Every structure is written in structure tokens, then in C-alpha cells.
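These numbers come from a predicted model, not from an experiment.
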Amino acid sequence: MTTLSRLFQHRSLPAPIVVQVLLTAALGGIWALLPASSAIGWLALLLSLVCVGVPHGSNDLQLLALMRPRWSAVQRFCIYGGVVAIGISLMLLFPFLGMSAFLVLTAFHFGQGELSANGHADIPTSPTAPADTPAKARLRLALGFGYGAVLLGSLLAPNVQALGAYLPATPEFHAGMAYLTYLPASALPYIAVAAALLGVAVAAELLPSADVPARLVSLLILRLLFAHTDLLFAFAVYFGIWHSPDSIALFSRQLFPGAVDHKVRRFYSAALPITLLAFCLGGALWWLNSRAAFQYPLSFVILTFLFGVTVPHVFVTDPIYRAASGAGES
């Protein structure tokens, strides 16, 4: 087996990590060739959400059934839907608090996904994650959040000035964005901190050492993309080419452990009803915002929708990411 093959073998995706790197670089090149237009970023975000972003979380109820088999389907739907409603209400009524919570959850969720085995090994369909010692569990959580914060910071740092156009024009958001201006502009600090976090993960036997070069390569190519494209476009590429496909590959293995072929196709078929319901929820939010006194920018309505579905998604998928990480250590 070649060195290159060993480098990429841990990214168990529909396509190897090298394809993700090449797609990211190609999309960045296309962006550079096209005339500057926010419409391109919006189109990329729409395609990302429709094709993989929303579907990757639309089988959460089936995943929840594996972890909580004693709950009825009605209980799972009501609890999951209730958490979505609470998240959306928080964002609409207390937008700055909701946005702050969204950033924290996003950093945690992205980091857990990045530091998992990304579906390269089948994991047991049990209601609990593999047993860690309390210290190891806390370290896994801290490293995942730290890595996600590095990734999110590298996305936001080059785009702080543009961020204001997507958020409500309130004093709280202006003050919050002022703090973001302290994020380093250079890519070097992000790569250095990520390398340190990965080194600790390897030393603690939370991550195979062979995964480290691939993750640093992916972070570097993403940081270059984040720095030279539009905020929406950059987020769409990460969400649509990296995070969501990785998760679909992992969740497909969890839901269909005995299936040899067409796991992803089966995943999409099973996800279709909730995917359609999610888009109906998004449409209802848009209508509510246009009719009620909120009058938030469309981008913030989308963020509100994403926050609402992210809150339960994080709690459902975190044990699966942890189980995948345990599989990756073996």
C-alpha cells in the first residue's frame, strides 16, 4: 500500500479525502474566475442545504430509535420536535443569545465530526457510546470543541466585515463582531493550534496518528478557501463537501450495518419524509418572519432554522461520533 493510500484510508467517505481536496480547490478556482456576486454564495448555500445539508440530519429519529429503543415513535417525534421549537423560539426572541449558543454548538458539532473516524469502521448499534473513563471522555469533548472552534474561527476571521450583513443590526451584534476582529488573519496560528490539538488526541489514544496529516491538509485547503471566497460560499463548500457527506457515510453505516451496497441511497430514501418536513418548517419560518414583527434578514431566518434543527441533531449524533472515534482507535 502506498503512503498516499495510507494517508487517505481513514477518511471513509463516498469519495476519498483527495477528491474532497480537489473539489474544494476547483470550486475556489471557479469562484476566482466568476464576477463577484453574492448570488453565487446564495446559490451554493441553497444547493448545499438541499442536496446534503438538510438530508444528513433527516434520519435523526431513526438514529434516536437505536439509542432509545424503549421510546415510541410518537415520543421520539414529540421530544425531537419540541427541542427544535425551543431552539427556534430562543433565536427569534433572544437573537444574540441564540446566535452565541449556535456558534458554540456548531464548533462542538463540527469538531466532534472531524475527530471521529468518519464512518471508516462499522460501530455497534447499541444505545450507548463505548465506555470511556471520565477523564478521557472530558478530554475527547474538550479536544472536539477546540478543533471545531479552530475550524469555525478560520472561517469567520477573514469574513468579519461581511458577517454584519447577515445578522440583525443591533448593538449586541455589533459588539460581538468587534470581538471577532481579534481573530488572527494568518492561517499559521490555526494550523499550529490544530496540530497541537491533534497531537494531544493521538497521545491520549483518541485518534490514530495516521489521521493527522489528512486533517491538517484538509484544514489548510479549507483555510485558503475561507480567506479568498465569500462567507456563504465558503460555508456552503465546507458544509456540502466535507461535514455532511462525512456524516452521511457514518450514519449510513450505523443505520444499515448489514447492507453491502446502496447504503447512501437507502439513507436518502429514509430521510426524504423528514427532509420535506424540514423545508416546510423553513418556509413557515420565512412566512412568520415576513408577517410578524421580527423582520429579520433572510440570512438570519436561515440561521434560525439551522439552529433549531442543530440543537437536537447535536445531542442525537454525539454518541455516534464518540462511538466512531472508539472504532477508529481499534
Do Leu66 and Leu255 touch side chain to side chain, with heavy atoms closer than 4.5 Å? yes
Is there a side-chain contact between Leu232 and Tyr166, using heavy atoms and a 4.5 Å cut-off? yes
Which heavy-atom pair separates Ser252 from Val264 by the least distance, and what is that distance? OG-CA, 3.9 Å
Any link between Leu97 and Ile86 through a network of hydrophobic side chains (Ile, Leu, Val, Met, Phe, Trp, Tyr) touching at under 4.5 Å? no
Measure the spacing between OG of Ser38 and CG of Asp230 and express it to the nearest 0.5 Å. 7.5 Å
CG of Leu285 to CG of Leu298: how many Å apart, nearest 0.5 Å? 11.0 Å
Report yes if the distance between the aromatic ring centroids of Phe110 and Tyr238 is under 6.0 Å, otherwise no. yes
For the residue pair Leu115 and Leu198, establish whether any side-chain heavy-atom pair is separated by less than 4.5 Å. yes
Contact between Gln20 and Asp246 at the side-chain level, heavy atoms closer than 4.5 Å - yes or no? yes
Could you point out which residue of Phe96, Tyr296, Phe300 forms a side chain to side chain contact (heavy atoms under 4.5 Å, CB included) with Leu167? Phe300
In the single-linkage hydrophobic clustering (I, L, V, M, F, W, Y; side-chain heavy atoms under 4.5 Å), do Leu34 and Leu231 co-cluster? yes
Check whether Ser244 reaches the backbone of Phe239 with its side chain - one donor and one acceptor, N or O, closer than 3.5 Å. yes
Nearest-0.5 Å distance, CZ of residue Arg140 to CG of residue Leu207: 9.5 Å
Of all heavy-atom pairs linking Val54 and Ala278, the shortest is CG1-CB, 3.8 Å
Taking Gln295 for the side chain and Ser290 for the main chain, is one N or O donor matched with an acceptor at less than 3.5 Å? yes
Looking at Gln75, I'd like to know if its CD atom is crowded, meaning that more than 12 non-hydrogen atoms belonging to other residues, nucleotides or ligands lie closer than 6.0 Å. yes
To the nearest 0.5 Å, atom CG of Leu141 lies from atom CG of Leu206 at 11.5 Å
Take Phe267 and Arg253, measure what side chain to side chain contact (heavy atoms under 4.5 Å, CB included) needs, and give me the verdict at the end. CA-CA 9 Å; Phe267 182 92; Arg253 288 175 180 269; over 6 Å; no
According to a 4.5 Å side-chain heavy-atom criterion applied to Ile, Leu, Val, Met, Phe, Trp and Tyr, with indirect links allowed, do Leu272 and Leu281 form part of one hydrophobic cluster? no
Please find the pair of heavy atoms, one from Ala234 and one from Phe226, that lie closest to each other, and give the distance. CB-CD2, 3.5 Å
Residue pairs fulfilling ring-ring contact (aromatic ring centres under 6.0 Å, His included) with at least one residue in residues 177-206, sequence neighbours excluded: none
What do you reckon, is CZ of Phe77 surrounded by more than 12 foreign heavy atoms closer than 6.0 Å? no
Once side chain to side chain donor-acceptor pair (under 3.5 Å) is applied, do any residues pair with Thr310, and if so which ones, sequence neighbours excluded? none
Leu92 and Ile88, any side-chain heavy atoms less than 4.5 Å apart: yes
Does Val52 share a hydrophobic cluster with Leu277, counting links as ILVMFWY side-chain heavy atoms below 4.5 Å and allowing steps through other members? yes
Is there a side chain to side chain contact (heavy atoms under 4.5 Å, CB included) between His243 and His109 once you walk through the steps? CA-CA 10 Å; His243 175 73; His109 184 56; 3.1 Å; yes
Please check this pair: side chain of His313 against backbone of Val309, looking for a donor-acceptor N/O pair closer than 3.5 Å. no
Supply the atom-to-atom distance Trp71 CH2 to Leu64 CG, rounded to the nearest 0.5 angstrom. 5.5 Å
Would you please test Leu49 and Ile302 for side chain to side chain contact (heavy atoms under 4.5 Å, CB included) and show each step? CA-CA 10 Å; Leu49 290 176; Ile302 295 174; 4.3 Å; yes
Within-4.5 Å side-chain heavy-atom neighbours: Thr24 and Trp242: yes
Hey, are Ser299 and Trp42 close enough side-chain-wise for a donor-acceptor pair under 3.5 Å? no
Heavy-atom pair of closest approach, residues Pro158 and Arg223: CG-NH1, 3.6 Å
Heavy-atom side-chain contact between Tyr147 and Arg215 under 4.5 Å: yes
Distance check, rounded to the nearest 0.5 Å: Ile241 atom CD1 versus Leu222 atom CG? 9.0 Å
Side-chain heavy atoms of Leu27 within contact of Phe233, under 4.5 Å: yes
Nearest atoms (heavy-atom pairs only) where Ile274 meets Ser58: CB-O, 3.4 Å
Phe315/Met67 under side chain to side chain contact (heavy atoms under 4.5 Å, CB included): CA gap, chis, key distance, verdict: CA-CA 11 Å; Phe315 288 102; Met67 293 181 286; over 6 Å; no
Please work out whether the ring planes of Phe251 and His56 are parallel, tilted or perpendicular, with thresholds of 30° and 60°. parallel
Heavy-atom nearest pair, Ala25 first then Ile221, reads CB-CD1, 4.3 Å
Determine whether Ile30 and Leu23 fall in the same hydrophobic cluster, where Ile, Leu, Val, Met, Phe, Trp and Tyr are linked whenever their side-chain heavy atoms lie under 4.5 Å apart. yes
